Each structure stands twice: as C-alpha cells, then as structure tokens.
Amino acid sequence: MRERSPYIVVVGPTASGKSQLCVALAHSMNGEVVSADSMQIYKELHIGAAKLTNEEMCGVPHHMMDVVSVGDSFTVADYRDRALKCMDEIFARGHVPIVCGGTGLYINALTGKLDFTAIQGDPSLRSELALYAKTEGKQALFARLKTLDALTASRLHPNDQKRVIRALEVTILTGKPYSEQVQSFAKSAYADVPALLIGLRWERKSLELRIRERVDSMMAQGLLEETKTLFTKGIPLEHPSMMGLGYRQLLQYLSGQIALKDAVERIKVDTRRFAKRQMTWFSRDLRIHWLNMDTETDLCVLLRSIRTMFMELK
RNA sequence: GCCUUGGUAGCUCAGUCGGUAGAGCAGUAGACUGAAAAUCUACGUGUCGGUGGUUCGAUUCCGCCCCAAGGCA
C-alpha cells in the first residue's frame with residue numbers, strides 16, 4: 001500500500017446529494033472528484049446511474065466514470081487499482097481527491113487495508129461450482145467449503161452461494177484456505193488512513209421522498225429510452241451492468257414481464273431497500289463523520305465545516 | 001329494489017368439517033474482501049366488516065345491518 005496525502009471521502013445512501021456536494025466542495029478547495037460507484041463505471045449508463053451532466057459538473061474534473069463498456073467485466077480490484085492511480089495523479093497536480101460514492105465495497109477497497117489476493121475470478125471454475133450446487137445442492141457445495149476451509153464456512157451461510165463459490169475458488173486455485181488470505185472487514189476496515197470520511201444522513205421519510213422524486217425525474221429525463229438502447233445491445237441480463245436499479249426493472253418491462261407502471265413502482269421500492277443496505281454498511285464504519293442533511297441545509301455552512309475538519313486532519 | 005359473490009396482516013389472498021389463523025409481497029433489523037445498485041440471514045397478534053343468536057366455546061353455523069364488485073330490473 002502506497003503512502004497517501006490527506007483526501008476527502010463523501011459517502012451516503014443513494015439520492016442523498018453526494019454528487020452535488022462534492023462538486024461544490026471541489027470548487028471551494030481545489031479538488032477533483034473520484035467516483036466510487038459501481039454503475040457510473042459504465043460508459044453507456046447515464047440517467048439511471050445518476051451521473052451529473054457536464055453542466056452540473058461546473059468544470060470540476062470527474063474520474064472513474066465511463067471507464068468500461070456495459071459488456072465488459074469489471075471488479076473491485078480493477079476499481080481499486082485504477083482509482084488509486086487517479087488519486088496519485090490528482091496529488092501530483094497538487095489537488096485534493098474527493099472520493100464520492102455509495103458503493104461501500106469500493107470505498108473500503110480504497111480507504112481500508114483491503115488485501116486482495118492475487119487470485120482473479122475464474123469464470124469456468126465458477127460455473128463449474130455453480131453447476132455442482134445446482135445438481136448436488138447448495139448444502140453439498142457448502143460441505144466442500146467446510147472440509148477445505150472450516151473457518152470461512154463458519155462465517156458464511158450455505159445459501160450465500162456467491163461467497164461460498166468465491167471462497168472455494170480461491171482455496172482451490174491456491175491450495176490454501178481462503179481464510180488465511182483475507183481478513184474480515186471488522187479487523188481491517190478501520191485502518192488508520194489520512195482520509196476525512198463524511199457521511200450524508202437523512203431522516204428515513206425525507207430520503208424516501210427524495211428517492212421517489214428522483215425516480216420520477218429520471219423517467220421524465222428519458223430513462224426508458226436509455227434502457228431501450230441498452231436492450232437492443234442484447235447484453236445478458238445477468239451482467240452486472242444490466243442489474244442497475246432502474247435498468248433492471250425497465251428491462252423486465254421491455255421483455256414483457258411486467259407493466260410499466262409496476263416497473264416504475266418497483267424501482268422506487270428496490271431503491272429504498274438499497275439505500276437501507278447502504279446505511280447498514282456505512283453505519284459500522286466508525287471513521288465516518290455524519291452530517292444530518294435534514295437540519296444542516298445551508299450549503300456554505302456544510303462546506304465550511306467540512307473544510308475545517310479537513311484542515312484539522314492535516 | 002332483488003339476486004349472486006366477496007369483506008381475514010400495509011397489499012394480494014389461503015385457511016379454520018366450530019377449539020381465536022398463515023403464505024407471497026411490502027416492512028424492520030443485520031451480514032458483507034475480485035459479480036457489491038450484487039448476494040445472503042433473521043423477524044408474522046391481526047377487534048378474521050359490524051351486531052344479535054345457537055353453543056361450554058364463533059373468525060367459522062344462523063339472522064339482521066354496513067361496504068365492494070358483478071348480474072337482473
């Protein structure tokens with residue numbers, strides 16, 4: 001892990017106002033934004049990924065957006081490598097990186113001491129293991145993990161197939177238990193890094209309202225048209241880029257599975273649940289300084305308090 | 001006005017041959033190391049529409065009333 005100068009990280013659930021705040025923050029302190037968002041990665045995703053328009057970016061450079069195409073594969077490790085490189089370049093320019101995003105795993109990959117193993121995903125092994133689970137049962141797959149790596153098995157649920165498969169994958173490919181190669185988040189995530197982590201928090205009801213309004217506004221901006229364009233590309237619906245909130249539900253509508261009205265309602269419900277999961281994730285990161293957005297409505301006051309905290313960190 | 005079918009969890013409904021009830025979805029809480037907007041876990045008391053009757057006991061059977069949908073006028 002390389003040495004780093006101080007930088008800022010802004011996290012929070014979807015629709016909490018991170019992007020706008022980061023632009024203002026970057027403006028006021030010579031910063032550049034580094035997105036930490038698993039959907040903004042994709043070039044062809046705009047409205048549903050809630051990317052700011054060029055106009056809204058107000059000339060502030062944004063990184064880690066539009067880096068791969070929707071058909072490409074992309075992993076946390078890819079994110080970490082490329083984002084760290086971006087941050088190095090920003091520091092070299094004498095600017096401050098402002099990491100902005102709601103993908104908790106990406107945030108941890110960047111700010112924590114996440115030691116990824118050298119083992120990349122092996123699609124053929126994965127599908128082989130998935131087939132095994134399908135024919136022999138999830139319990140049988142889990143039993144294999146139990147014999148190879150009892151420690152990891154003890155913290156995973158047999159039904160959590162993705163994690164069971166990943167653990168088996170690493171263990172089989174290296175011949176060493178997965179648990180010897182990774183630490184749990186609890187031990188690693190609070191590493192002492194020179195970052196100021198800011199979290200944006202809303203009352204539940206306020207966030208729900210913001211989510212509803214944002215989905216309606218996305219539809220008004222042409223989310224359906226954007227999804228139709230994706231639909232014609234014929235990318236497998238299981239591809240991560242097709243699983244994004246908004247796209248997933250509208251693709252179901254376009255393939256005749258549900259009514260448009262229900263799809264839009266579904267987007268709102270699923271987005272709310274996602275926001276809840278994000279809050280669960282971030283709430284255990286004790287480094288985060290939470291700002292209550294319901295009460296702190298003055299942008300200038302917000303920016304000033306963040307800058308003050310950042311100066312104290314330095 | 002008459003007939004029919006319904007009224008059970010926030011929603012859609014199942015069920016109780018009379019011993020006060022349970023699924024899916026929603027909701028709440030949590031987990032999370034190379035798919036993460038993904039994936040996974042735990043959590044189920046509600047005047048069983050109202051009221052009177054029969055009964056040891058009624059959400060269940062009977063009467064009346066209210067509400068909804070459909071049909072006949």
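Below, chain A is the first sequence line, B the second, and so on; all start at residue 1. All values reported here derive from a predicted model rather than from experimental measurement. Values below: every heavy atom of this structure, side chains too, minus hydrogens, waters and symmetry copies.
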task: On the 0 to 90° scale, with breaks at 30° and 60°, tag the A:Tyr106-A:Tyr79 ring pair as parallel, tilted or perpendicular.
output: parallel
- request: Let me know the distance between CZ of A:Arg272 and P of B:G27, rounded to the nearest Å.
  value: 5 Å
query: Which residues in residues 250-266 of chain A have at least one heavy atom lying under 4.0 Å from any atom of RNA chain B?
result: A:Arg266
Please write out each protein N/O paired with an N/O of nucleotides 41-43 of chain B under 3.5 Å, distance rounded to 0.1 Å.
| residue | atom | partner | partner atom | Å |
| --- | --- | --- | --- | --- |
| B:U41 | OP1 | A:Asn159 | ND2 | 2.4 |

- prompt: Atom CZ of A:Arg273 to atom C1' of B:A29: distance rounded to whole Å?
  reply: 13 Å
query: By side chain to side chain contact (heavy atoms under 4.5 Å, CB included), which residues pair with A:Lys228, not counting sequence neighbours?
result: A:Leu224, A:Glu225, A:Leu254
- prompt: Apart from A:Leu52 itself, what residues make up its hydrophobic cluster when side-chain heavy atoms of I, L, V, M, F, W and Y under 4.5 Å apart count as a link, directly or indirectly?
  reply: A:Val23, A:Val33, A:Met57, A:Val60, A:Met65
task: Could you name each residue pair satisfying salt bridge (charged side-chain N to carboxylate O under 4.0 Å, His left out) that touches residues 173-182 of chain A, not counting sequence neighbours?
output: none
task: Output all residues satisfying side-chain hydrogen bond (donor to acceptor under 3.5 Å, both in side chains) with A:Tyr42, sequence neighbours left out; order by chain, then residue number.
output: none
Lys/Arg-Asp/Glu bridge criterion (N-O < 4.0 Å) met for A:Asp270, A:Arg266: yes
field: Short side-chain N/O contact from A:Arg277 to OP1 or OP2 of B:G30, under 4.0 Å
entry: no
- prompt: More than 12 heavy atoms of other residues, nucleotides or ligands under 6.0 Å from CG of A:Asp298: is that the case?
  reply: yes
- prompt: Under a 4.0 Å heavy-atom cut-off, which of residues 236-244 of chain A touch RNA chain B?
  reply: A:Pro240, A:Met243, A:Gly244
message: Strictly below 4.0 Å: does A:Arg166 bring a side-chain N or O up to OP1 or OP2 of B:A35?
response: no
message: Using a strict threshold of under 4.0 Å (side-chain N to carboxylate O), is an ion pair present between A:Lys261 and A:Glu265?
response: no
Please tabulate, for side-chain N and O atoms in residues 199-209 of chain A, each donor-acceptor pair with protein atoms closer than 3.5 Å (sequence neighbours left out).
| residue | atom | partner | partner atom | Å |
| --- | --- | --- | --- | --- |
| A:Trp202 | NE1 | A:Ser16 | O | 2.9 |
| A:Ser206 | OG | A:Asp294 | OD1 | 2.6 |

- prompt: Contacts to RNA chain B from residues 40-52 of chain A, heavy-atom cutoff under 4.0 Å, which residues?
  reply: A:Gly48, A:Ala49
- line: Under a side-chain separation threshold of 4.5 Å, the hydrophobic residues clustered together with A:Met311 are none
task: May I ask you to evaluate whether A:Arg163 reaches the phosphate of B:A31, defined as a side-chain N or O under 4.0 Å from OP1 or OP2?
output: no
- prompt: Looking only at atom P, what distance separates B:G46 and B:A42, rounded to whole Å?
  reply: 22 Å
- request: Select from A:Tyr247 and A:Asp78 the residue whose nearest nucleotide in RNA chain B is closer to the 5' end of that strand.
  value: A:Asp78
query: Which whole-number value in Å describes the distance from A:Phe142 CZ to B:U39 C1'?
result: 15 Å
Lys/Arg-Asp/Glu bridge criterion (N-O < 4.0 Å) met for A:Arg163, A:Asp160: yes
- prompt: Pairs counted as Watson-Crick or G-U wobble with both distances under 3.5 Å: what dot-bracket string results for RNA chain B, using | for bases tied to another strand?
  reply: (((((((..((((.....[..)))).(((((.......))))).....(((((..]....)))))))))))).
- request: Sequence neighbours left out, what passes side chain to side chain contact (heavy atoms under 4.5 Å, CB included) with A:Ala130? Give chain and number order.
  value: A:Gln161, A:Ile165
